[in-house]
Amino acid sequence: MPHINRNNFYHILPVLIATLLVAAMPSCKSSEEKTETTIEEKKEVAAAAIEVVAAQKGKLSSSIQVPGELIPFQQVEIYAKENSFVKKIYVDVGSEVKQGQLLVSMEAPEINSRMSEAQSNLKSLQAIYISSKATYNRLLETSKTPGTISPNDLDQALARVNSEKARLEGAQAAIRAVAATRGYLDIRAPFGGVISARNVNPGAYVGPSGKGSEMPLFVLQQQRKLRLVISVPEIYTGLLNQQDVVTFTVKSLPSRKFTAKVKRMAGALDDKLRSERLEMDVENNDKSLLPGMYAEVNIPLPAKDSTFVIPKTALVSSAEKIFVVRVANQKAEWVDVKKGREANDKVEVYGDLKEGDQIIKTATDEIRDGSEIKNVKQAG
């Protein structure tokens, strides 16, 4: 160990002590500042009040936007019932027709042959019936003289008359059947509308089966009145009524807003979509709307009964459940609720709540169930 002069050591010692004190002072000051900051932060946290709102019942009216489709009020695909050839076509695509108007006439030579055969058979049976009836009438007059005609002969003559009459009626029915079949060769419009498709030309072979039945002769649509069809999700079905008025728009006319009334409700949910089908009648006299258009439909959903309405920020949705945080006796309570409709910054909730319950306005799952809540204030 090096030798240190005692006189020099006494001169150096004050300098060393002063240096150590100077070095220690910043450290002490830093510790004091940290301690003071922590105390201040705790005071600020303690001073920050948690905002609460009183649970109140109300009615929340909202609306939903759903896609819809415009379809003809009535539509039919027209086919030929009998094997035949197209003789003449009286309408084309876009033709507006009235109910009963002739659309196309066809011809089938074999039907004319069947009619001739049925008429010939009818005439033959008419002659046989007239003859048998005349015979019976003569026998009946003769039988008035006792002993001339046996009752058995008279009964047989009457039986022949009835038999020939039945055969005659059968022939008349056959005539009517062939006439009805021939009537199918002239196809008429079942209702007033517009021909939207035509798939035949004169001379084409058509019929109920085979190549001639692949496509309909015509497609007839009623376009002056349309159906607006929508599917409403299950959650909203309890809020709908017939005669509710909806508004809708279409892409081709973005500046126009149309209205319609709910006329028909399916009353059941679709198995695949889990939604209810609704239909509205739309008057389309100016034909500005076309069948097949898609529409954006706005459906108002007025509330039917009152329920608790709270700010959206008060509802906590975790992976396990949905709840609100109620403050009671300076403690936080998680209250399980079910979520209803939303509108603006409000939401419906259903759960074990009472009017006047203090609900934390901005809640999170960091506010643990049962934790102490001392400083609260009513939200403005």
Side-chain angles (χ1 to χ4, degrees), residues 74-91 95 97-193 195 198-220:
Q74 294 185 93
Q75 176 174 311
V76 65
E77 295 180 344
I78 299 174
Y79 290 85
K81 190 177 184 302
E82 297 294 329
N83 293 324
S84 54
F85 295 92
V86 175
K87 183 178 181 181
K88 188 173 182 180
I89 297 174
Y90 300 93
V91 294
S95 298
V97 300
K98 297 180 180 179
Q99 183 177 3
Q101 181 175 332
L102 184 61
L103 305 179
V104 59
S105 59
M106 297 171 291
E107 57 184 357
E110 61 274 16
I111 293 180
N112 294 332
S113 299
R114 285 162 52 192
M115 176 60 78
S116 299
E117 181 182 355
Q119 289 174 339
S120 176
N121 186 46
L122 176 64
K123 290 179 180 179
S124 174
L125 292 176
Q126 282 177 335
I128 294 173
Y129 171 71
I130 292 172
S131 175
S132 61
K133 188 175 182 181
T135 301
Y136 171 74
N137 289 335
R138 286 194 299 271
L139 291 175
L140 182 62
E141 287 296 324
T142 305
S143 66
K144 293 179 181 179
T145 303
T148 54
I149 301 295
S150 68
N152 184 54
D153 292 340
L154 190 60
D155 290 342
Q156 288 183 355
L158 179 59
R160 281 193 297 272
V161 170
N162 293 334
S163 175
E164 298 302 333
K165 183 179 180 181
R167 292 177 62 193
L168 178 61
E169 290 174 349
Q172 292 171 339
I175 289 284
R176 290 193 295 270
V178 176
T181 299
R182 190 162 62 180
Y184 293 134
L185 299 179
D186 290 333
I187 297 180
R188 300 180 181 274
F191 53 82
I195 301 297
R198 166 192 161 182
N199 299 308
V200 292
N201 291 300
Y205 173 78
V206 294
S209 60
K211 188 175 181 180
S213 62
E214 292 175 349
M215 300 180 69
L217 306 181
F218 304 100
V219 176
L220 177 63

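Here the structure is a predicted model, which is why all the values come from computation and not from measurement.
A distance of 8.5 Å separates CD of Glu110 from CD of Glu82, quoted to the nearest 0.5 Å. In this structure, OG1 in Thr148 is found 11.0 Å from CD in Glu141, a value given to the nearest 0.5 Å. Residue Leu217 holds its CG atom at 9.0 Å from CG of Leu103, rounded to the nearest 0.5 Å. Atoms OH and CG, from Tyr79 and Asn199 in turn, are 8.5 Å apart once rounded to the nearest 0.5 Å. Rounding to the nearest 0.5 angstrom, the gap separating the OH atom in Tyr184 from the CD1 atom in Ile111 is 10.5 Å. Distance NZ/Lys87 to CG/Leu185: 9.5 Å, rounded to 0.5 Å.
Between Ala80 and Ile187, the closest heavy-atom pair is CA-CD1, 4.4 Å. Of all heavy-atom pairs spanning Phe191 and Leu220, the tightest one is O-CD2, 3.4 Å. Of all heavy-atom pairs between Ala108 and Ser84, the closest is CB-CB, 4.0 Å. Closest heavy-atom contact between Ser132 and Val161: O-CG2, 3.3 Å.
Judged by distance alone, the side chain of Arg198 and the main-chain N or O of Val200 form a donor-acceptor pair under 3.5 Å. Not one N or O on the side chain of Ser163 forms a donor-acceptor pair closer than 3.5 Å with the backbone of Ala159.
When the shell of 6.0 Å around CD of Glu117 is examined, it contains 12 or fewer heavy atoms from other residues, nucleotides or ligands.
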So Tyr136 and Leu140, side-chain contact (heavy atoms from CB on, under 4.5 Å) or not? Walk me through it. CA-CA 6 Å; Tyr136 171 74; Leu140 182 62; 4.3 Å; yes
